[in-house]
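Below you'll find the structure, written out as structure tokens, and then a few comments.
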Protein chains: 2
Amino acid sequence: MPPTARPRSRIQQRNRELILDAALEVFSLHGFRGATLDQIAEVAGLSKPNLLYYFPSKEAVHKVLLTGLLDSWLDPLREMDPEGDPLAEILAYVRRKLEMSRDFPRESRLFAGEILQGAPRMREAIEGDLRDLVAGKSRILSRWMEEGRIARVDPVHLIFSIWALTQHYADFEVQVRAVLGPEHDPFAEAGSFLETLFTRLLAP
Amino acid sequence: MPPTARPRSRIQQRNRELILDAALEVFSLHGFRGATLDQIAEVAGLSKPNLLYYFPSKEAVHKVLLTGLLDSWLDPLREMDPEGDPLAEILAYVRRKLEMSRDFPRESRLFAGEILQGAPRMREAIEGDLRDLVAGKSRILSRWMEEGRIARVDPVHLIFSIWALTQHYADFEVQVRAVLGPEHDPFAEAGSFLETLFTRLLAP
DNA sequence: GTCTATACTCTGATAGAC
DNA sequence: GTCTATCAGAGTATAGAC
């Protein structure tokens, strides 16, 4: 039993989820300071004092959101299998990451906004978990390169490039859609573009 | 004589520039709503009412900043020469864009924050100038591909990929530095990584 | 042109009835 | 558990002296 899991009634659970979902919506759209408790409460369908019955402060809501986020954000990278086929593993990672941009754009934007502002509420996590995971996975990539199974390239910047290219379609979605026009499906096109890009970059 | 250029004394010019520079600093770090006139005035070394003597409102300061931004932001793309060597032109564009990330990270983050929040103050510009410029340049890229001078790939997504990869180093700089550690020079490494990437992607 | 003082609004958070 | 009422502080903007 995790230490933070206090027993909660069904309605408590439900309201907490309503609040967190509303907060994700509002925070991702306006940033931490730009978001107001009034907005979050309205989206959640609760009164402001009632919201503050479930969370002690605006900061607390934001923190819960961010804490859960980084973990699920790194899952696709964790799944990259050292025993699998190198190029297939990398392309699968790209695909999973692009699917997250498509299916969870609010989460992506919340994360992006936090980093953009200097990660005031995520610094330790980034310098800890994130850094360690990248270090571990880049060793795997380096080994694949030494074995000649994929082409040589800086492994850490390779990971950066996957992040940059996939998250761009969530974080800059309005720009992407404005440039492409309404007829296009950005994520479908991105899928085949990125497959081509990483295949050409890494083919041995 | 441009219609908006009213005559200004030297000290007026100077103070306007002080304010705009301070506003760029604060807006890029905290977003529009997160920034306060107090902060901007303090960074500019002026009093708040004095700031409001030069600009009628917070909104007005932000608008002036954004208006000037998009133009200079697109300049590197405008410079891509249809008559030049295709790969060299594209790599030069990548280099210029990366230099902008290195030398003007505040501008990059201001722009990113605006798009991230749905571009409420830039929509028309993005759907106009930006869209038109990309359309024009992607025709050039398509021609180069048809002539077999670079490899085939979706030209618009190629431009997106250049934006994503170069701006990542400004917008996510804290993350990049946290992962790389203090010993690294992110922009130098990115320069050679991106040259490799686009060369392998586009070599005929 | 620049400052002090202040009006007025918005926002995060609390008190206390039900 | 949820609501109405309200407080305290921050924030944008203005008035008016100098």
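No hydrogens, no waters, no symmetry mates; every other heavy atom, side chains included, goes into these values. In the text below, chain A, chain B and the rest are named by the order of the sequence lines, each starting its count at 1.
Within 6.0 Å of the CZ atom in A:Arg143, the count of heavy atoms belonging to other residues, nucleotides or ligands exceeds 12.
For the pair A:Arg33 and D:dA10, the criterion of a side-chain N or O lying under 4.0 Å from OP1 or OP2 is not met.
Taking 4.0 Å as the cut-off between side-chain N and carboxylate O, A:Asp21 and A:Arg106 count as a salt-bridged pair. Salt bridge present: B:Arg78 and B:Asp71 bring a charged side-chain N and a carboxylate O closer than 4.0 Å. Comment: A:Lys63 does not engage A:Glu59 in a salt bridge, judged by the lack of any side-chain N to carboxylate O separation of less than 4.0 angstrom.
Proximity note for A:Ser9 (side chain, C-beta onward) versus D:dG1, C:dG1, D:dT12: the nearest is D:dG1. Among the nucleotides C:dG1, D:dT12, C:dG12, the one closest to any side-chain atom of B:Leu37 is D:dT12.
For the pair B:Ile19 CD1 and C:dT2 C1', the interatomic distance rounds to 12 Å; values are reported in whole Å. A straight line from NZ of A:Lys58 to C1' of C:dT14 spans 17 Å, rounded to a whole angstrom. Between the CZ atom of B:Arg14 and the C1' atom of C:dG1 there is a distance of 16 Å, rounded to whole Å.
Contacts with DNA chain D (heavy atom under 4.0 Å) in residues 39-57 of chain B: B:Lys48, B:Pro49, B:Leu52, B:Ser57, listed by number.
Residue A:Ala35 is classed as a sugar-phosphate contact, given heavy-atom separations below 4.0 Å to backbone atoms only.
Relative orientation of the A:Phe32 and A:Phe27 rings is parallel, given thresholds of 30° and 60° on the angle between their planes.
Going from atom NE2 of B:His184 over to atom CG of A:Asp154 covers 8.0 Å, rounded to the nearest 0.5 Å.
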